[in-house]
Every structure is written in C-alpha cells, then in structure tokens.
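Keep in mind that what you see is a predicted model, and the values were worked out from it rather than measured.
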Amino acid sequence: VNDEIVYAVDYTRGIDILRYKELPGPRVRLSVNDRTATRGETIKFRSSLRRCKGHGGTDINLMRKLEKEDKFVQVATKKLEPACSAVTFKQMVGFRGKATYKAVWPKQDDDHRQGTSRPLTITGR
C-alpha cells in the first residue's frame, strides 16, 4: 500500500484496486483588491492554497503575462506562513490598459505537485 494505490471493497462488485497516477494539485487561489486601478496606485494580490496541510514555509510566485510573447514571467515570490495562511503581494500599477496575473505554487520537492491559479486581468487607468 502506498500513496498511489486505493483499495475499494463493495459487497456487490467485490474488491477494486485502483492506481492514481495524477493526483489533483493544491488548488492555488488568487484574488485582488481592485481590478480597475489608477496608474501609480498599489494593488494587493492575496494568494492561498486550498489544500495546504504540511506545506507552510513553501514558496508562492506571482506571475505577470507578457502580452507580446504570450508567456508569464515571475514578478514576486513569498513564503507561506507555517500555519499556511495566505500571502499578500503588493504591486504598483505602472501600466495603462490590461495586465494579466496568476499565482503559481512551484514543485519544490517530491512531496507535492505544482499548482496554478486562474489568471486575473487588471485594467490600469
């Protein structure tokens, strides 16, 4: 018995032995205090893990999408508190138009999988 094998017993069907190759990730969440900010203002992103058991002290990265290259680059990194509370990123709005951000919990050891939040789009005025 290990983390990939599940045994299920049913009186009608008997015993099932199941192997999970891909377990769900930690479900990273990202929220922002203002989606339409004025240029020069500081906005706050809050990121957390829905499943954080035992992963306090690990890194969460804030990523911003490069529009011309259609890829994300890292703009900040913070560590989760030991109690797995959320982390807050502060970013100054230095753009006009739209910018897309996401939070990434990178694979840091063999004990967990990578997780990514849904992208959030901010409009700078």
Q) If you measure from CH2 on Trp105 to CG on Leu49, what distance do you get to the nearest 0.5 Å? A) 5.5 Å
Q. So if you build clusters from Ile, Leu, Val, Met, Phe, Trp, Tyr with side-chain heavy-atom gaps below 4.5 Å, do Phe95 and Val75 land together?
A. yes
Q. What pairs meet the salt bridge (charged side-chain N to carboxylate O under 4.0 Å, His left out) rule with one or both residues in residues 28-47, with sequence neighbours excluded?
A. none
Q: Please indicate whether Gln74 has more than 12 foreign heavy atoms, meaning atoms of other residues, nucleotides or ligands, lying under 6.0 Å from its CD.
A: yes
**Q.** Spacing of Arg64 atom CZ and Phe45 atom CZ [to the nearest 0.5 Å]
**A.** 9.0 Å
Q.
Are Lys65 and Glu67 packed together at the side-chain level, in the sense that at least one heavy-atom pair is separated by less than 4.5 angstrom?
A. yes
Q. Should Leu62 and Ser47 count as side-chain neighbours, where that means a heavy-atom distance under 4.5 Å?
A. no
Q | Shared hydrophobic cluster for Leu80 and Leu30 (ILVMFWY, side-chain gaps under 4.5 Å) | A | yes
Q. Going hydrophobic residue to hydrophobic residue with side-chain gaps under 4.5 angstrom, can you get from Tyr7 over to Val9?
A. yes
Q | Reported NZ-to-OG1 distance for the pair Lys90 and Thr88, which is rounded to 0.5 angstrom | A | 8.0 Å
Q. Mind checking whether Val28 and Thr116 have side chains closer than 4.5 Å, heavy atoms only?
A. no
(Q) Check for me, please, whether Ile43 and Phe72 land in the same ILVMFWY cluster - side-chain distances under 4.5 Å, paths through other members count. (A) no
Q. Roughly how far apart are Lys102 NZ and Asn61 CG, rounded to 0.5 Å?
A. 10.5 Å
Q.
Test of understanding: with side chain to side chain contact (heavy atoms under 4.5 Å, CB included), list the residues that count as partners of Asp10, not counting sequence neighbours.
A. Thr12, Arg13
Q) Do Lys78 and Ile60 have side chains that get closer than 4.5 Å, going by heavy atoms? A) no
Q: Mind checking the CG-CD1 spacing from Asn33 to Ile122? Nearest 0.5 Å is all I need.
A: 8.5 Å
Q. Measuring from Ile17:CD1 to Ile5:CD1, what's the distance to the nearest 0.5 Å?
A. 8.0 Å
Q. Out of curiosity, does Leu120 fall in the hydrophobic cluster containing Val93 (side-chain heavy atoms, cut-off under 4.5 Å, transitive links)?
A. yes
